[in-house]
Amino acid sequence: MSVKHILAQKGRQIEVIGPDTKLAQAILHLASKRIGALLVIDAGNRIVGILSERDIVRALVAGANALDDHVRDHMTETVVTCSLETSVAEVMDMMTRGRFRHVPVMADNELAGIISIGDVVKHRLAEMESEKSAIIAYIAAG
Ligand code: AMP
C-alpha cells in the first residue's frame, strides 16, 4: 500500500507558513488547525524547512523571548520527503530512523500532501483489522 492511498482518504490539505513569520503566530496556527507541524515555504512556494511543536518547545526552553523569533531561526532546514508511490512501510521506516512524525509528499516537484504518524498508525490499524477478519473468515470456513 502506498502513500497515495492515505492521501486519497485524508485529502491533500497542507498547512504552510513563511520563514519570516514569528513563532507566536506559528503557535496560533498549529493550535487552530490542531496539528503538530507546519511546512515552511518561501515566496516561490519552495520548501525551505519544517517547524514542529518540538522545535517550539526547544526554542522556549532556550529562551523565554523565543515567541518573538522568526520561524527560520528554529525550523529544520533539511526536509525529508517522499513520493506518492512510497510505500506506507517505507514512510514508517523514514519516521523511525529520522525520529520525526511528519513527511511531506511530493509529486512532479510539487507538494502533494503531508503524512503524519497518526495517519500511518490509523492506516496500519485498519489493515490489521481487515487481516484479522480475513483470518477469522478463513478459519470459520474450514
Ligand atoms: P516531529 O516529530 O515531526 O514533531 O519533529 C521532530 C523534529 O524533526 C523537529 O525538529 C522537526 O523540525 C523535524 N522534522 C519533522 N519532520 C521532518 C522531516 N520530514 N524531515 C526532516 N526533519 C523533520
Side-chain angles (χ1 to χ4, degrees), residues 1-140:
M1 197 68 85
S2 72
V3 157
K4 195 174 7 184
H5 295 96
I6 293 184
L7 286 189
Q9 282 168 7
K10 82 168 261 196
R12 296 190 168 201
Q13 175 74 13
I14 308 160
E15 294 301 324
V16 299
I17 197 164
D20 297 322
T21 312
K22 297 269 175 97
L23 273 201
Q25 191 62 37
I27 287 177
L28 289 177
H29 194 155
L30 289 171
S32 72
K33 297 291 176 183
R34 304 168 77 104
I35 53 173
L38 294 164
L39 210 51
V40 189
I41 59 163
D42 67 10
N45 261 346
R46 284 177 296 262
I47 299 176
V48 292
I50 188 164
L51 180 84
S52 92
E53 52 202 1
R54 291 219 175 141
D55 299 314
I56 295 169
V57 169
R58 279 189 211 120
L60 289 172
V61 168
N65 295 330
L67 292 183
D68 264 343
D69 291 352
H70 293 115
V71 165
R72 68 163 73 255
D73 300 326
H74 299 285
M75 67 188 191
T76 299
E77 289 182 17
T78 308
V79 183
V80 176
T81 63
C82 68
S83 76
L84 288 170
E85 283 69 40
T86 305
S87 71
V88 177
E90 278 175 273
V91 172
M92 283 169 74
D93 194 49
M94 288 163 116
M95 288 178 172
T96 307
R97 286 172 192 273
R99 292 174 171 267
F100 46 68
R101 298 165 294 175
H102 300 87
V103 178
V105 186
M106 306 298 290
D108 297 327
N109 277 332
E110 301 273 335
L111 259 172
I114 189 162
I115 299 287
S116 74
I117 197 158
D119 302 324
V120 171
V121 170
K122 189 173 159 196
H123 170 84
R124 188 65 196 119
L125 284 176
E127 219 172 41
M128 285 164 71
E129 204 50 49
S130 84
E131 283 165 10
K132 189 179 101 184
S133 302
I135 291 169
I136 290 172
Y138 176 76
I139 292 169

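Every number for a ligand or one of its atoms is a count from 1 in the order of the listing.
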Peer 1: Quick one: pull up CG in Leu67 and CD in Gln25 and give me the separation to the nearest 0.5 Å.
Peer 2: 11.5 Å
Peer 1: Which residue holds the protein heavy atom closest to atom 8 (O) of ligand 1, what is that atom called, and what is the gap in Å?
Peer 2: Phe100 CB, 3.5 Å
Peer 1: Closest non-hydrogen protein atom to atom 13 (C) of ligand 1, residue and atom name please, with distance?
Peer 2: Thr76 OG1, 3.5 Å
Peer 1: For the pair Glu90 (side chain) and Ser87 (backbone), establish whether a donor and an acceptor sit closer than 3.5 Å, ignoring hydrogens and angles.
Peer 2: yes
Peer 1: Would you tell me whether Asp93 and Thr96 have side-chain atoms, one donor and one acceptor, within less than 3.5 Å of each other?
Peer 2: no
Peer 1: Checking a contact table here: which protein heavy atom is nearest atom 5 (O) of ligand 1, and how many Å away?
Peer 2: Ser52 OG, 3.3 Å
Peer 1: Distance under 4.0 Å to a non-hydrogen atom of Pro104: what atoms of ligand 1 satisfy this?
Peer 2: 19 (N)
Peer 1: Can a non-hydrogen atom of Ile117 be found less than 4.0 Å from any atom of ligand 1?
Peer 2: no
Peer 1: What residue and atom, counting heavy atoms only, is the protein's closest point to atom 19 (N) of ligand 1, and at what distance?
Peer 2: His102 O, 2.8 Å
Peer 1: Where is the nearest protein heavy atom to atom 20 (N) of ligand 1: which residue, which atom, and how far?
Peer 2: Val80 N, 2.9 Å
Peer 1: Are Arg12 and Glu110 close enough for a salt bridge, meaning some N to O gap below 4.0 Å?
Peer 2: no
Peer 1: Numbering the atoms of ligand 1 from 1, which are under 4.0 Å from a heavy atom of Arg58?
Peer 2: 10 (O)
Peer 1: Out of Met75, Arg99, Met94, His74, indicate the one that has the non-hydrogen atom closest to atom 6 (C) of ligand 1.
Peer 2: Arg99
Peer 1: Considering the heavy atoms of Arg101, write down every atom of ligand 1 situated less than 4.0 Å from one of them.
Peer 2: 1 (P), 2 (O), 3 (O), 4 (O)
Peer 1: If you measure every N/O of Asp55 against every N/O of ligand 1, is any gap under 3.5 Å?
Peer 2: yes
Peer 1: Answer yes when Arg58 and Asp55 have at least one side-chain N-carboxylate O distance shorter than 4.0 Å, and no when they do not.
Peer 2: yes
Peer 1: Any idea which protein heavy atom is nearest atom 21 (C) of ligand 1, and the distance to it?
Peer 2: Thr78 O, 3.3 Å
